[in-house]
Amino acid sequence: MSVLQEKKVLIIVTAGIAAYKTAHLVRLFIKKGAEVQVIMTPNAHHFITSLTLSTLSKKPVYTDFFEKDNGLWNSHVELALNADYIVVAPATSNTLSKMASAEADNLALATYLSAKSPVFFAPAMDLDMYKNASNQHNISILQKKGDIFIPPASGELASGLEGEGRMAEPEEIVAFMENYIRKSLIFFGKKILITAGPTYEAIDPVRFIGNYSSGKMGFELAKAAEKLGAEVVLISGTTAEQLPKSSSIERIDVVSSAQMYNAVFQHYDYTDVAIMSAAVADYRPKNVSKTKIKKDENTFTIELVKNKDILLTMGERKKNQFLAGFALETDSEEENALKKLEKKNLDIIILNSLKDNSAGFQFDTNKITIFDKEKNQTQFELKSKEKVAEDILNFIHSKTQKH
Ligand code: CTP
């Protein structure tokens with residue numbers, strides 16, 4: 001999945017010949033699943049039409065503070081704050097200079113100056129102009145301020161001269177931004193292992209012992225972890241949940257607790273963070289009938305044997321992994337959760353109380369309390385499982401900083 005998916009990208013197009021390439025740039029961002037807003041400087045219209053860019057971005061393109069037809073104000077502040085990322089491409093000598101000196105004589109510059117989100121800029125100019133000390137000085141001012149410089153390429157320039165100054169190709173701009181954003185995500189370079197859903201323990205070829213776990217919480221955790229930059233392995237019991245097609249999460253489907261155990265320990269040694277949200281059956285039938293059991297008797301007894309506790313074993317074998325378990329309780333919630341935290345050698349335990357309405361199995365919402373090793377507890381409101389997943393991962397991140 002691209003880190004640009006569902007992100008709002010504001011492209012500021014300024015007046016250089018490379019502006020013609022921004023049609024392709026808009027298309028590439030759209031293909032990555034981003035929402036694109038274009039602002040053009042007045043002179044950029046000499047190089048590409050706003051009709052082209054608005055058709056491709058599926059949004060009006062803005063240039064003026066006031067719309068001539070209806071007198072409506074295009075708020076530079078709103079445009080700036082609405083963007084997750086801003087990219088100035090092409091960034092001409094004129095615009096770079098105004099960006100560096102905080103001149104706001106058009107909507108594009110006023111928006112740039114109001115930005116709180118990361119700003120990338122891709123200069124485009126002729127080789128000597130690019131080498132000019134004033135331009136180099138402005139580029140370094142912008143970099144010092146925190147803007148991100150996308151270096152121009154060397155090659156044939158519109159003037160016919162050869163050298164450095166050609167705007168990076170749209171593909172390079174997008175790849176540069178994706179790479180930069182990925183590296184800034186809180187779980188970049190981390191491997192997160194998540195278990196989800198129920199386990200089914202076979203009785204005979206057509207029956208099993210299972211539970212009502214839907215797998216929703218684990219799937220939301222996996223999706224959120226991927227969005228935060230982690231490499232994710234999701235080990236799931238039987239579920240109707242699906243991952244988006246664009247996802248890069250490694251999904252491993254299992255049925256029984258024994259299969260989940262084996263899958264977990266194939267990955268555990270290389271895991272940084274493990275979050276065990278699966279509802280693993282504590283027992284399984286001692287003998288699994290090879291043939292369908294007939295209803296010959298009036299009463300029927302199944303002898304059960306204990307399953308291995310996956311999380312307990314992980315706690316015992318823990319090296320540097322951060323371990324998060326779940327506790328689903330109906331009574332003495334805090335006491336039971338803390339006992340599990342200690343017994344299983346966890347870093348945190350996430351408590352779902354079945355006393356809370358709309359929380360736990362089958363629901364789209366959840367209400368959790370997180371306990372840490374120091375017995376601190378953090379309570380969260382009832383939220384969608386998507387938001388709960390973000391809360392859990394942000395909490396883990398804050399803990400791993402001290403870990
Ligand atoms: N867990 C596990 N392997 C098991 C059982 C549980 O990994 N065989 C994990 C769950 O994924 C969850 C936590 O352990 O993160 C739940 O702890 P557990 O003590 O099993 O909870 P309950 O099954 O609710 O235990 P009890 O019935 O004793 O309350």
Side-chain angles (χ1 to χ4, degrees), residues 192-202 208-222 225 232-239 241 252-269 271 273-286 304-318 321-356 359-362 366 368-373 385 388-389 391-393 395-396 399:
I192 301 191
L193 176 69
I194 294 165
T195 61
T199 64
Y200 289 173
E201 310 299 327
F208 59 84
I209 296 172
N211 59 64
Y212 292 121
S213 169
S214 62
K216 283 188 208 307
M217 194 64 246
F219 274 66
E220 291 303 340
L221 279 164
V232 182
V233 177
L234 172 66
I235 300 172
S236 177
T238 309
T239 174
E241 290 297 306
I252 302 170
D253 289 319
V254 296
V255 177
S256 66
S257 159
Q259 288 172 351
M260 188 171 276
Y261 183 98
N262 289 337
V264 163
F265 286 102
Q266 269 175 23
H267 291 273
Y268 186 52
D269 286 348
T271 294
V273 175
I275 313 173
M276 309 299 280
S277 71
V280 185
D282 292 325
Y283 294 92
R284 68 179 183 282
K286 185 174 181 191
L304 301 177
V305 290
K306 223 175 191 175
N307 278 330
K308 283 189 221 167
D309 190 321
I310 308 170
L311 188 51
L312 183 80
T313 317
M314 292 164 93
E316 285 162 0
R317 296 189 193 169
K318 186 157 101 170
Q321 295 92 338
F322 185 96
L323 269 192
F326 271 78
L328 181 70
E329 305 291 342
T330 54
D331 54 275
S332 310
E333 292 97 329
E334 180 175 342
E335 193 189 324
N336 284 331
L338 286 171
K339 264 192 215 156
K340 281 176 196 172
L341 175 103
E342 201 177 342
K343 183 174 163 209
K344 300 193 184 193
N345 189 19
L346 308 181
D347 294 285
I348 59 163
I349 191 149
I350 302 144
L351 169 70
N352 287 315
S353 172
L354 277 190
K355 280 187 187 156
D356 290 317
F361 281 9
Q362 301 289 338
N366 205 359
I368 56 158
T369 305
I370 303 183
F371 295 88
D372 65 15
K373 284 197 283 201
K385 286 187 173 169
V388 172
D391 285 342
I392 293 172
L393 287 158
F395 189 90
I396 291 176
K399 287 278 165 191

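Predicted model only: the values in this text are computed from it and were never measured. We count ligands from 1, going down the list as the structure has it; atoms in each ligand are counted the same way.
Among protein heavy atoms, the minimum distance from atom 8 (N) of ligand 1 is reached at K308 O, 3.1 Å. Atom 12 (C) of ligand 1 has F326 O, 3.2 Å as its closest protein atom, hydrogens excluded (heavy atom only). Considering only non-hydrogen protein atoms, atom 19 (O) of ligand 1 sits nearest to K344 NZ, 3.1 Å. Among protein heavy atoms, the minimum distance from atom 29 (O) of ligand 1 is reached at K340 NZ, 3.1 Å. Residue, atom and distance of the protein heavy atom nearest to atom 11 (O) of ligand 1 are A278 O, 2.7 Å. Closest protein heavy atom to atom 27 (O) of ligand 1: D282 OD2, 3.4 Å. Nearest protein heavy-atom neighbour of atom 15 (O) of ligand 1: M276 O, 2.6 Å. The single protein non-hydrogen atom nearest to atom 3 (N) of ligand 1 is I310 N, 3.0 Å, given as residue, atom name and distance.
Below 3.5 Å of separation, one finds no N or O of A279 facing any N or O of ligand 1. Here's the thing with A327: none of its N/O atoms is less than 3.5 angstrom from an N/O atom of ligand 1. The shortest N or O to N or O distance between A281 and ligand 1 is not below 3.5 Å.
In this structure, N307 has no heavy atom closer than 4.0 Å to ligand 1. By the 4.0 Å heavy-atom criterion, M314 is excluded from the residues contacting ligand 1.
Considering only non-hydrogen atoms, atom 7 (O) of ligand 1 lies nearest to L311 out of L311, L341, I275.
The shortest heavy-atom contact between P198 and T238 is CD-O, 3.1 Å. For the residue pair F265 and I310, the shortest heavy atom distance occurs at CZ-O, 3.9 Å.
With respect to L221, the side chain to side chain contact (heavy atoms under 4.5 Å, CB included) criterion is satisfied by exactly one of T195, V388, I275, V232: I275.
In this structure a side-chain-to-backbone donor-acceptor pair under 3.5 Å is missing from E329 to L351. A donor-acceptor contact shorter than 3.5 Å links the side chain of N211 to the backbone of A279. The backbone N or O of L304 sits nowhere less than 3.5 Å from a side-chain atom of R284 that would complete a donor-acceptor pair. With hydrogens and angles disregarded, no donor-acceptor distance shorter than 3.5 Å links the side chain of Q321 to the backbone of K318.
With respect to D347 and K399, no salt bridge is recorded, no charged nitrogen being found less than 4.0 Å from a carboxylate O.
Put simply, the side chain of F208 does not reach to within 4.5 Å of the side chain of V255, judged on heavy atoms.
Every residue two or more places apart in sequence or in another chain that forms a salt bridge (charged side-chain N to carboxylate O under 4.0 Å, His left out) with D253 is listed here: R251.
Of all the atoms in ligand 1, the ones that sit under 4.0 Å from a non-hydrogen atom of G325 are 15 (O).
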